[in-house]
Amino acid sequence: MNILEVENLSVKVEGKLILKDVTFSLKSHQSHILFGPNGSGKTTLLSALMGLPSYEVVSGKISFMGVDITDKSVEERAKLGMVISFQNPPEITGVKLGDLLKLCLGKSPIARFNEEEQKLIEAFRLTKFLDRDINVGFSGGERKRSEILQLIFLKPKLLLLDEPDSGVDVESLRLIADEIQRYVERSGSSALIITHKGDILDHIKAKYGCVLLAGKFHCFTHPTRIYEEIKKVGYEECVACRVRKTEGWKFEQGK
Amino acid sequence: MSKENELIKVPHKILEETYKAGMEADEKDRSGTFYHVDQSTVYSKVNELFQGKIELMDTKAALQKYSWLEGYMWKLVDKNKDEFTRKVAEDWSGGYFMRIMPGAEITFPLQSCLLITRKNLEQRVHNIIIAEEGSKAHIITSCVQHSSVPDAAHLGVSEIYVKKGAMLNFTMIHQWSENTLVRPRSAAEIGDKATFVSNYVCMRPVKNVQMYPAAFCNGTDSTVSFNSILYGHTNSLLDIGSKAVLAGKGSKAEMVSRAIAREGSKMIIRGLIEGNNADCKGHLECRGLLLDEEAFLQSIPELIARKKGVEITHEAAVGKISEKEITYLMTRKLSRDQAVSLIIKGFMDVGILGLPEALNAEIKRIVEASAEAD
């Protein structure tokens, strides 16, 4: 069973075609890893799936849990259970992290966090940031921790994570990755995770990986295997390799 | 303490409006309460817990009581500054005199209210505040025009003295009507190691406000902060400035303005920091949000340095609400309207006013209620 089906998706950003005829699907209850060099269109893909403005879908179809969401707004997609973490989230003056976390939980800003929520905030080392303006003066790691915690509080069915491991220290990385894994496992949700690094694979149990290169998908196989290949021979060579032919594509390639 | 009249004589309906502008009905949470309605002081009372620590009375009564007070009148504000100061000098109906006694720490805010209930009235007041050496106090003053009153004007002269080592946090809330002309003329003098925080909150429509309060940081290590939260709508004209003159060694000034303009309102936010001592610092921050195409917003920061070591900076940003911020919040399941409302509320963050918790919550409630009313 697939949670997401993408058919022949083409996406333009500022008039320039970034993704061309992309077809793939994501499995329910599974984490998927997306590799690709800088500028290959990974962020564009996640943004287009979430329906962010300025990512123009010029053709193709996106179905989420059997619902065609191609023309749905960001808010509608979020309410259906799709969430995204931002690589560079905006700073919003005066909007407190604590208030935003409560909104993510569906609580009013005057409500209190329950014990379990408090524990998770503490685990994310964000307790002393609750009264701070969202992302204002946050370090790279603090932003990432805040992003992931917000997503977990939203109780999503599909997490789109744009480099949750970039710019974070070893401890934060372990924390973030373990919490993502714990959430995905417990809730039976799915994830699509962009990464450039292998460390996150030690914590997140993902069986599916692929490479996005020049706006096209390649090389669907086990993520650890892809990562080892990329390290050895680089993206281009990896895409050109024959492994995929012997192992078969683990991502279902749609039609 | 002087107690000219009973608050009970003020019609209940009018009092209710003042509560919306920050006045506290239950006086046990206030160190003192003062009401000047139209042209007379109707109520002036110090909470018994603070007897001997505060003096609160009408300025005219205070002038009768203390001959030395003459020396504080028209010392910081020039009588001939403009037609409005001249009018107040010619004929005035009183105002508040507040004196925080030396070393007194006033843990509850002092509240005062200047209220207009009569049509075509030109209210003219002269206020004097003296924070004596080492004292500490918060003052909240609400200026209200009763909503049933059409045209009126308020001309208010305020002279504020913050003496050595004193801390005074002064919050003024304006709740005028669409027909009020408002001309406050204020100045403060800040002594050695003294701190003056001047907050201004204007959330309701007003016809025309123009003010440019000045702070003279003459004392060594004296500090002034001007903070304002302004919400301009329905053709309001707000020309709000603040000026800090840094003369004392190690003196500091900080100005933070947050302005929202919509529906034909015109807002000009000015700020001037003048560094006259080699060892002084200042920072000016102005941020404005334009909610529609009918409104107008202008920021005019001015920095003057007269000595080599002066360190004065400013940052200003005016424009519409960032789409990126709206989208970000929409990915967190908020609708577009909820996202915009959250951003606006956050933008008018009362946290910048440096108020104690109880007062902070109250001003927050006023600001949010005004923002939601539209």
Side-chain angles (χ1 to χ4, degrees), chain A residues 46-47 49-55 72-110 131-136 143 146-147 149-156 158-162, chain B residues 201 203 227-231 256-260 285-289 315-355 357 360-365 367-369 371-372:
Chain A
L46 260 56
S47 306
L49 294 179
M50 193 68 218
L52 302 186
S54 70
Y55 294 87
K72 292 207 184 298
S73 70
V74 174
E75 180 202 353
E76 287 173 295
R77 292 178 207 217
K79 285 190 171 154
L80 282 170
M82 188 189 277
V83 297
I84 190 165
S85 76
F86 287 74
Q87 257 220 77
N88 297 303
E91 297 178 356
I92 310 181
T93 311
V95 175
K96 310 296 173 202
L97 174 64
D99 288 349
L100 188 56
L101 287 173
K102 284 175 193 165
L103 288 166
C104 287
L105 285 163
K107 291 184 171 191
S108 110
I110 47 169
D131 286 327
R132 295 257 305 259
D133 292 359
I134 183 87
N135 297 321
V136 178
R143 285 177 186 215
S146 139
E147 285 291 296
L149 183 59
Q150 287 175 49
L151 299 199
I152 290 173
F153 276 0
L154 285 162
K155 301 182 181 70
L158 173 62
L159 297 89
L160 306 172
L161 306 175
D162 197 350
Chain B
V201 176
M203 298 296 297
N227 306 304
S228 43
I229 298 178
L230 312 166
Y231 195 74
V256 180
S257 312
R258 300 277 164 80
I260 290 184
E285 181 197 313
C286 173
R287 303 184 57 168
L289 279 186
E315 49 186 317
V318 292
K320 62 174 186 163
I321 295 183
S322 144
E323 276 301 318
K324 193 179 173 191
E325 292 176 14
I326 295 173
T327 305
Y328 181 69
L329 295 174
M330 285 171 75
T331 65
R332 290 355 181 196
K333 289 190 189 169
L334 268 63
S335 70
R336 189 177 187 84
D337 286 350
Q338 286 170 322
V340 168
S341 156
L342 187 67
I343 292 168
I344 291 177
K345 278 188 202 167
F347 186 79
M348 294 186 290
D349 182 8
V350 297
I352 65 169
L353 306 179
L355 298 170
E357 205 172 309
N360 198 63
E362 208 169 302
I363 308 285
K364 188 174 178 184
R365 184 179 53 75
V367 167
E368 292 192 351
E372 271 168 7

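- Side chains of A:Lys96 and B:Asp349 form a contact here, defined as non-hydrogen atoms less than 4.5 Å apart.
- Residue A:Glu91 touches chain B through its backbone alone, counting heavy-atom pairs closer than 4.5 Å.
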- Item | A:Arg143 vs A:Glu147, salt bridge (Lys or Arg N to Asp or Glu O under 4.0 Å): CA-CA, chis, key distance, verdict | CA-CA 6 Å; A:Arg143 285 177 186 215; A:Glu147 285 291 296; over 6 Å; no

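- In terms of non-hydrogen atom pairs under 4.5 Å with chain B, the most contact-rich of A:Ile134, A:Thr93, A:Leu100 is A:Thr93.
- A:Asn135 touches chain B through its side chain: at least one heavy atom from C-beta onward sits under 4.5 Å away, while N, CA, C and O do not.
- Rounded to the nearest 0.5 Å, atoms CD1 (B:Ile363) and CD (B:Glu368) are 12.0 Å apart.
- A:Asp133 touches chain B through its side chain: at least one heavy atom from C-beta onward sits under 4.5 Å away, while N, CA, C and O do not.
- Both the backbone and the side chain of B:Leu334 come within contact range of chain A, each with at least one heavy atom under 4.5 Å from a heavy atom of that chain.
- Side-chain contact between B:Leu355 and B:Val350 is absent, with no heavy-atom pair separated by less than 4.5 Å.
- Panel note: side chain B:Arg258, backbone B:Phe347; a donor-acceptor pair is recorded below 3.5 Å.
- For chain B, the option among A:Pro53, A:Cys104, A:Gly94, A:Ser73 with the highest count of heavy-atom pairs below 4.5 Å is A:Gly94.
- For B:Arg287, the part lying near chain A is the side chain, with the backbone staying farther off; criterion is any non-hydrogen pair under 4.5 Å.
- In this structure, the separation between OG on B:Ser335 and NZ on A:Lys79 is 6.0 Å, given to the nearest 0.5 Å.
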